[in-house]
Amino acid sequence: MDRADFYDQVYQVVRLIPKGRVTSYGAIAAYLGTKGSSRMVGYAMNDAGKVHPQVPAHRVVNRQGLLTGKFHFGGNTMEELLAGEGVKVADDKVVNFKELYWDPSIELAL
DNA sequence: TAAGTGACAGCGT
DNA sequence: CACGCTGCCACTT
């Protein structure tokens with residue numbers, strides 16, 4: 001259950017990502033305090049498609065803005081979703097990633 | 001119970 | 001500046 005709580009935390013943050021924005025696994029991990037467990041964030045995303053409300057996992061990319069998980073969506077679904085939100089994707093990576101970058105540690109700082 | 005894998009990130013060469 | 005290796009933590013076999 002402990003890890004389930006961690007997963008839930010990840011889902012919460014991901015769902016808070018504004019439309020047309022993207023963030024990185026490390027940013028979420030760091031926000032949750034598990035900076036060293038950036039991989040766990042990706043693992044949580046694995047269940048994102050199973051979790052209750054839809055988790056915009058397509059808004060979560062790696063530090064390079066690369067859609068490393070597009071394969072897990074099944075085809076170019078991730079690109080389509082991002083493109084549908086105004087996020088331009090080129091060569092499987094987010095364009096203007098730096099501008100669209102949404103850091104929970106800052107946006108949700110409080 | 002133990003070993004291997006993985007939607008990442010950082011440091012070293 | 002580009003490429004390679006190691007570290008982390010949880011899940012799967």
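Per chain, numbering begins at 1; letters A, B, ... match sequence-line order.
- No donor-acceptor pair closer than 3.5 Å links the side chain of A/Asp91 to the backbone N or O of A/Lys93.
- Note: CG (A/Leu32) to C1' (C/dC9) measures 14 Å, nearest angstrom.
- The A/Asn62 side chain lies nearest to B/dC8 when the options are C/dC11, B/dC8, B/dA7.
- A/Leu81 has its CG atom 19 Å from the P atom of B/dA7, to the nearest Å.
- At whole-Å resolution of the value, CG in A/Leu67 and P in B/dC8 are 11 Å apart.
- With rounding to whole Å, A/Tyr7 atom OH is found 15 Å from B/dG6 atom P.
- Note: CZ (A/Arg39) to C1' (C/dC11) measures 12 Å, nearest angstrom.
- Each of B/dA7, C/dC8, B/dA9 was ranked by its minimum atom distance to the side chain of A/Ser24; first place goes to B/dA9.
- A donor and an acceptor atom never sit less than 3.5 Å apart when one is taken from the side chain of A/Arg63 and the other from the base of B/dC8.
- Residues A/Ser24 and A/Tyr101 have side chains that bring a donor and an acceptor to within less than 3.5 angstrom of each other.
- Rounded to a whole Å, the CE atom of A/Met40 is 13 Å from the C1' atom of B/dA9.
- A/Tyr43 contributes no side-chain N or O that forms a donor-acceptor pair with the base of B/dA7 under 3.5 Å.
- Side chains of A/His58 and A/Glu79: no donor on one and acceptor on the other come within 3.5 Å.
- Following rounding to the nearest Å, A/Asn46 (CG) and C/dC9 (C1') show an atom-to-atom distance of 15 Å.
- Side-chain proximity of A/Met45 to B/dA7, C/dC11, B/dA9: nearest is B/dA7.
- Regarding A/Asp5, its CG atom lies at a distance of 17 Å from the P atom of C/dC9, rounded to whole Å.
- Residue-level contact check: A/Phe71 touches neither bases nor backbone, having no heavy atom under 4.0 Å from any strand.
- Toward the 5' end of DNA chain B, the nearer of the two residues A/Ala57 and A/Lys35, judged by each one's closest nucleotide, is A/Ala57.
- When each of A/Thr68, A/Val55, A/Ile28, A/Val10 is paired with A/Val60, the side chain to side chain contact (heavy atoms under 4.5 Å, CB included) condition holds for A/Ile28 and for no other.
- Of the charged side-chain nitrogens involved, none lies within less than 4.0 Å of a carboxylate oxygen, so that A/Arg21 and A/Glu107 do not count as a salt-bridged pair.
- Taking 3.5 Å as the limit, the base of B/dC8 and the side chain of A/Ser38 contain a donor-acceptor pair of atoms between them.
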